[in-house]
Q: 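If you scroll down you'll find the structure; I have some questions about it.
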2 protein chains.
Amino acid sequence: MEVLLKFKLSEHLYLRDPEQTEIGKAIVSNAIVLIFEIGFEQFTFKKLAVKINSTEPTIYRYFTSKHKLLTYILNWYWSYLEYVCKMRLAEINDPTKKMMLILEIITHHADHHTHLHDYNLDHLHHIVISESSKSYLVKEVDEINNEMMFAPLKSLCLFISEVLLTLAPKFPYPKSLASTLLETAHDQQFFSEHLPKLTDNKSRNNHKDYVLKYLTRLTFSTITDP
Amino acid sequence: MEVLLKFKLSEHLYLRDPEQTEIGKAIVSNAIVLIFEIGFEQFTFKKLAVKINSTEPTIYRYFTSKHKLLTYILNWYWSYLEYVCKMRLAEINDPTKKMMLILEIITHHADHHTHLHDYNLDHLHHIVISESSKSYLVKEVDEINNEMMFAPLKSLCLFISEVLLTLAPKFPYPKSLASTLLETAHDQQFFSEHLPKLTDNKSRNNHKDYVLKYLTRLTFSTITDP
DNA sequence: CCTTCTGTGTTAGTAATACTATCATTTGTA
DNA sequence: TACAAATGATAGTATTACTAACACAGAAGG
């Protein structure tokens, strides 16, 4: 089963819409593989051009910089996550179960949804963990933000915060907790894999399992008034 | 009142110890100012050399790369934070008050300790917020970690986790919560300043105030068994 | 059928970056 | 006074991030 997912992303992210052409899609899907393999610092348009049997100027006709390309990929990912959350939560009524499913989805605990689309989800998830903060931790963050380039992340965060509010209507930090859960899902998995002394995961593997349990405790304790 | 703080940092971080010479100290303190001003991406050894009226090769005799220099600065910061925590907690007996003081220190809520040393603490704090994850979110993280270059962060995290354990001896995630608090202190302040829709701070300023209150709720709710 | 337009390939080039090599000079120390 | 260590000065390399100019191929339209 192949499903094509397309999301409307901010036009400030690209010069030419990569979804519209074969070469555009090749740029994005191969960029995901390449950034996964060598990391964002080592990633260059030159290397990507070689990988897709094309040239640098062609890539520059789609994206003005590698930073914009990364931001484009991350926006696709945030849009995708929100879509998956909304799909899968639609069948559930119990708010607690809804929240637990959100935690499963953001930790990729049980990835039911691989191979359903153009991009390699496993690579994408690793990129999100290791590189996502590099898209906003830059001096130009305010200008980028003004051009709606973080809208999908904010939208996802809002969605999660609304589920939190159904569980605890008086909880004063729903959006901060939502963004903390998203960030913590990433950095605790990174720590568990690379800096395990910053976590309590004894097993040296089962990282997603560990992170899911930790986030579950964090969430449900925090929204319960002490 | 001037106090000189020196910490023993991993020798893998530098070629020549910058604490030992005037030019070494100038490199570090001016790097902090320059990274604060233009961000780590725009920061180059060439620009730093101009600022200290020296040349690139001189800086390269101290640090092999700008990434190592950033890691050196962050290590100094983590060592400093642990030192401040231990100093100020020594006079306190109540574990709850200890933990609250830790939260004040890591959010820099009431910076009693500016101007006490060589480096500009305010600039340093901004660097930690915006750039610290760039020191470990790299492909080479495992090799860097093997060379003890994150020891001060782990040590600080362990210290906080021990305080958490005195408050809640059965809490199963003391180290993960400690690392989460450190990370969240940074990204919630960044979000509050630049992406406020990811937080619930209504005031558009008082960022440290907001983050401290949020972290306090997060901490004391989480360690309380639900 | 010819034209036009759009997208891509090709080649070339620039300024800046991240380094390294060499050698002369200064400086503190024995 | 002699010596080694640190620094300065100069120069150079490979790579990166990006741009310019032009040729070509294919589709669309008259």
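Chain letters run A, B, ... following the sequence lines, proteins first and then strands; every chain starts at 1.
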Q: To the nearest 0.5 Å, tell me how far F45(B) CZ sits from T55(B) OG1.
A: 12.0 Å

Q: Is it the case that K68(A) places NZ or CZ above or below the six-membered ring of Y14(A), under 6.0 angstrom from the centre and within 45 degrees of the axis?
A: no

Q: Just to verify, what does A49(B) make a side chain to side chain contact (heavy atoms under 4.5 Å, CB included) with, not counting sequence neighbours?
A: I59(B)

Q: Can a cation-pi geometry be assigned to K139(A) and F36(B), taking NZ or CZ under 6.0 Å from the six-membered ring centre and within 45° of the ring axis?
A: yes

Q: Where along nucleotides 24-30 of chain C does protein come under 4.0 Å, by heavy atom, of base (B) or sugar-phosphate alone (S), with - for untouched nucleotides?
A: -------

Q: D200(A) versus P174(B): any side-chain heavy-atom pair under 4.5 Å?
A: yes

Q: Can a salt bridge be assigned to the pair K51(A) and E37(A) using a cut-off of 4.0 Å between side-chain N and carboxylate O?
A: yes

Q: I'd like to check the ring-ring contact (aromatic ring centres under 6.0 Å, His included) partners of H109(A); sequence neighbours left out, ordered by chain and number.
A: none

Q: What is the 5' to 3' range of DNA chain D, first to last nucleotide, that sits under 4.0 Å from any heavy atom of chain B?
A: dA6(D) to dT10(D)

Q: Suppose we screen for salt bridge (Lys or Arg N to Asp or Glu O under 4.0 Å). Which residues come up paired with D209(A), at least two apart in sequence or across chains?
A: K213(A)

Q: In terms of relative ring orientation, are H194(A) and F190(A) parallel, tilted or perpendicular, with 30° and 60° separating the classes?
A: tilted

Q: With Y77(B), which of H108(B), H126(B), H123(B), H186(B) fulfils ring pair (Phe, Tyr, Trp, His ring centres under 6.0 Å)?
A: H108(B)

Q: At under 4.0 Å between heavy atoms, how does the protein contact nucleotides 4-19 of chain C? Give one character per nucleotide, 5' to 3', with B, S or -.
A: ---SBBBB-----SSB

